[in-house]
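Structure record follows, encoded as structure tokens.
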Amino acid sequence: MDDQRRADYWRRNLRLMLTLLIIWFVVSFGFSIFLVETLNQFSILGAPLGFWFAQQGSIMTFVVLILVYALMMDRLDDEFGVSERDEQGERL
């Protein structure tokens, strides 16, 4: 891979990480700290929504973001020809 393709790969990787970190920040800090009073007007299974985001929602969001990152990076690796596959396209 030449230097330009490496730079493009790294740039897209950083853009993906930054996007996912912003989503995580908004859910973790925005919903469970900054907007907690507004969200507490609603409830999920009897728990105030702001409390739910602080206790469960941010953790669930983080796990989903890990899955999204893995899937998106797998596609990016395939696109740039750096995936961990053999000649038949099977995972190593």
Side-chain angles (χ1 to χ4, degrees):
M1 190 163 28
D2 65 345
D3 288 340
Q4 180 60 40
R5 277 186 64 78
R6 277 190 201 128
D8 290 342
Y9 177 80
W10 186 242
R11 189 175 308 109
R12 295 205 23 212
N13 182 13
L14 287 177
R15 187 179 322 137
L16 175 61
M17 282 192 296
L18 182 61
T19 302
L20 296 177
L21 284 172
I22 288 170
I23 292 169
W24 175 75
F25 177 81
V26 168
V27 170
S28 295
F29 290 98
F31 291 170
S32 61
I33 295 174
F34 301 127
L35 299 174
V36 70
E37 295 300 325
T38 305
L39 292 174
N40 279 343
Q41 296 174 6
F42 307 98
S43 64
I44 292 182
L45 301 172
L49 187 58
F51 175 77
W52 185 86
F53 267 110
Q55 300 301 313
Q56 301 295 325
S58 58
I59 295 169
M60 290 180 187
T61 301
F62 188 68
V63 170
V64 169
L65 290 178
I66 291 170
L67 176 65
V68 168
Y69 179 75
L71 294 173
M72 296 296 288
M73 282 306 297
D74 191 44
R75 290 181 187 164
L76 189 65
D77 288 348
D78 288 343
E79 182 180 332
F80 281 85
V82 294
S83 65
E84 299 173 348
R85 299 178 192 266
D86 61 11
E87 295 79 30
Q88 289 80 28
E90 299 291 324
R91 297 242 176 251
L92 294 177

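We count residues from 1, following the sequence as given. Because only heavy atoms are used, hydrogens play no part in the values below, and waters and symmetry mates are left out as well, while side chains stay in.
Hydrophobic clustering (side-chain heavy atoms under 4.5 Å, transitive across Ile, Leu, Val, Met, Phe, Trp, Tyr) keeps Trp52 apart from Ile59. Hydrophobic clustering (ILVMFWY, side-chain heavy atoms < 4.5 Å, transitive): Leu76 and Leu16 are in one cluster. The hydrophobic clustering, which links ILVMFWY residues whose side-chain heavy atoms are closer than 4.5 Å, places Met60 and Leu71 apart. Cluster annotation: Val63 and Phe29 are assigned to distinct hydrophobic clusters (Ile/Leu/Val/Met/Phe/Trp/Tyr, side-chain heavy-atom contacts under 4.5 Å, transitive). Both Leu14 and Phe80 are part of a single hydrophobic cluster, where members link through side-chain heavy atoms under 4.5 Å apart.
Taking the side chain as every heavy atom from C-beta outward, Asp77 and Tyr9 approach each other to under 4.5 Å. With a 4.5 Å cut-off on side-chain heavy atoms, Leu20 and Met17 do not count as touching.
With rounding to the nearest 0.5 angstrom, the CG atom of Leu35 is 10.5 Å from the CG atom of Asn40. Rounding to the nearest 0.5 Å gives a distance of 10.5 Å between CE of Met72 and CZ of Arg15.
The heavy-atom pair separating Val36 from Ile33 by the smallest distance is CG1-O, 3.5 Å. Contact record, Leu39 with Phe31: CD1-O, 3.2 Å, taken as the closest heavy-atom pair.
Crowding of Met73 atom CE: a count of heavy atoms from other residues, nucleotides or ligands under 6.0 Å exceeding 12.
A side-chain donor-acceptor contact under 3.5 Å links Ser58 to the backbone of Phe53. Side-chain N or O atoms of Asp78 include none that pairs as donor or acceptor with a backbone N or O of Ser83 at under 3.5 Å.
Aromatic ring pairs are classed by plane angle as parallel below 30°, tilted from 30° to 60° and perpendicular above 60°; the pair Phe34 and Phe25 is tilted.
When each of Ile22, Thr61, Val64, Leu65 is paired with Val27, the side chain to side chain contact (heavy atoms under 4.5 Å, CB included) condition holds for Thr61 and for no other.
Between Asp8 and Arg5 there is no salt bridge, since none of the side-chain N atoms of the basic residue sits less than 4.0 Å from a carboxylate O of the acidic one.
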